[in-house]
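Reading through the structure tokens given below for one structure.
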Amino acid sequence: MKKRFWAIPLMVLAVVGVVLLGGCGGPSVEELIRDDLETAFSEVSPDNEELLTAMEDSSNGGFETLGIDTEEFAKAYLDGFTHEIKDVVVDEEAGTADATVMLKMKSLTAIMSEFTGKFQEYMATVDPQTVESEDALYKEAGAILMDAVKNATPEETECVFTYEKDGENTWSATDSAEQQILEAMM
């Protein structure tokens with residue numbers, strides 16, 4: 001369950017690597033990269049229907065099993081999420097650029113640690129004879145998980161997103177963007 005749960009926000013935040021940037025005329029490469037990052041991170045919102053659908057789909061019914069409303073989860077998890085583009089350094093000759101971004105978001109490791117501890121405490125107090133159903137246990141787990149998400153404090157992490165220029169003079173984020181986001185989430 002943990003592995004599936006962690007994958008939910010990852011799919012959303014991996015959007016950083018999707019948008020391609022044209023390099024001919026117009027704004028500088030630095031401006032294009034800044035615009036790309038702003039566009040990608042502006043989509044990380046509990047008001048984004050596509051985000052909510054992706055989260056729901058990637059949970060494979062996990063939210064429903066735990067009695068968690070996807071929108072409520074997204075609002076709690078993204079509460080305090082911010083980003084600030086600190087610097088974009090472009091090396092036109094090498095065809096690379098590094099964008100330093102400060103992300104502030106809740107740590108899934110801290111959330112899961114809090115959830116695990118609280119759920120174990122709860123289970124230690126439960127008399128198996130009085131449990132009305134397995135569904136009731138799942139709903140209690142969902143409530144404990146939502147409390148852990150709501151109570152988590154966003155943490156700042158500096159990420160460096162690397163962009164590369166291809167043979168057609170198009171700039172795009174490399175696959176390392178997903179790793180940077182994963183590290184920020186942990």
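Here, residue 1 is the first one in the sequence, and each next residue gets the next number.
The two atoms that bring Pro46 and Lys75 nearest to each other are CB-CG, 3.5 Å, heavy atoms only. Between Cys159 and Gln180, the shortest heavy-atom distance links the atoms CA-OE1, 3.1 Å. Residues Val88 and Ala99 approach most closely at CG2-CB, 4.0 Å, considering heavy atoms. Taking every heavy atom of both residues into account, Tyr138 and Thr65 meet most closely at CB-O, 3.4 Å.
Here the side chains of Leu51 and Glu43 are not in contact, with every heavy-atom distance at 4.5 Å or above.
In this structure a side-chain-to-backbone donor-acceptor pair under 3.5 Å is missing from Lys106 to Gly80. Looking at Glu64, its side chain never comes within 3.5 Å of a backbone N or O of Gly61 through a donor-acceptor pair. At least one donor-acceptor pair closer than 3.5 Å links the side chain of Ser107 to the backbone N or O of Met186. Formation of a donor-acceptor pair under 3.5 Å by the Ser113 side chain with backbone atoms of Thr109 is not found in this model.
Partner of Ile181 under the side-chain contact (heavy atoms from CB on, under 4.5 Å) criterion, out of Gln179, Met185, Glu178: Met185 alone.
The hydrophobic clustering, which links ILVMFWY residues whose side-chain heavy atoms are closer than 4.5 Å, places Leu32 and Val160 apart. Met102 and Leu37 end up in different hydrophobic clusters when Ile, Leu, Val, Met, Phe, Trp and Tyr side chains are linked at under 4.5 Å. By the criterion of side-chain heavy atoms lying less than 4.5 angstrom apart, applied directly or through intervening Ile, Leu, Val, Met, Phe, Trp or Tyr residues, Phe119 is grouped together with Val131 in one hydrophobic cluster. Grouping the Ile, Leu, Val, Met, Phe, Trp and Tyr side chains by contacts below 4.5 angstrom, directly or via other members, places Val89 apart from Trp171.
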- Item | Lys150 vs Glu114, salt bridge (charged side-chain N to carboxylate O under 4.0 Å, His left out): CA-CA, chis, key distance, verdict | CA-CA 11 Å; Lys150 288 175 183 175; Glu114 176 76 11; over 6 Å; no
- Message: Evaluate Arg34 against Glu38 for salt bridge (charged side-chain N to carboxylate O under 4.0 Å, His left out), listing each step before the verdict.
- Response: CA-CA 6 Å; Arg34 284 181 181 276; Glu38 285 298 337; over 6 Å; no
- side-chain contact (heavy atoms from CB on, under 4.5 Å) evaluation trace for Ile111 with Leu145: CA-CA 8 Å; Ile111 290 169; Leu145 178 58; 4.1 Å; yes
- Full working for salt bridge (charged side-chain N to carboxylate O under 4.0 Å, His left out) between Asp135 and Lys139: CA-CA 6 Å; Asp135 188 50; Lys139 300 299 185 224; 3.6 Å; yes
- Please report the C-alpha distance between Glu92 and Lys165 in whole Å, then the side-chain angles of each, then the deciding distance to 0.1 Å, and finally whether the side-chain contact (heavy atoms from CB on, under 4.5 Å) criterion is met. CA-CA 8 Å; Glu92 292 261 8; Lys165 178 172 63 172; 4.0 Å; yes
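We find the CG-CG distance between Asp47 and Leu52 to be 8.0 Å, quoted to the nearest 0.5 Å. With rounding to the nearest 0.5 Å, the separation of CD in Glu140 from NZ in Lys118 is 12.5 Å. One finds the OG atom of Ser28 at 9.0 Å from the CG atom of Asp35 (value rounded to the nearest 0.5 Å). With values rounded to the nearest 0.5 angstrom, Leu103 atom CG is found 4.5 Å from Phe41 atom CZ. In this structure, CD1 on Ile68 lies 6.0 Å from CE on Met146, to the nearest 0.5 angstrom. Rounded to the nearest 0.5 Å, atoms CD (Glu158) and CD (Glu84) are 10.5 Å apart.
Residues satisfying the side chain to side chain donor-acceptor pair (under 3.5 Å) test with Thr162, not counting sequence neighbours, are Asp98.
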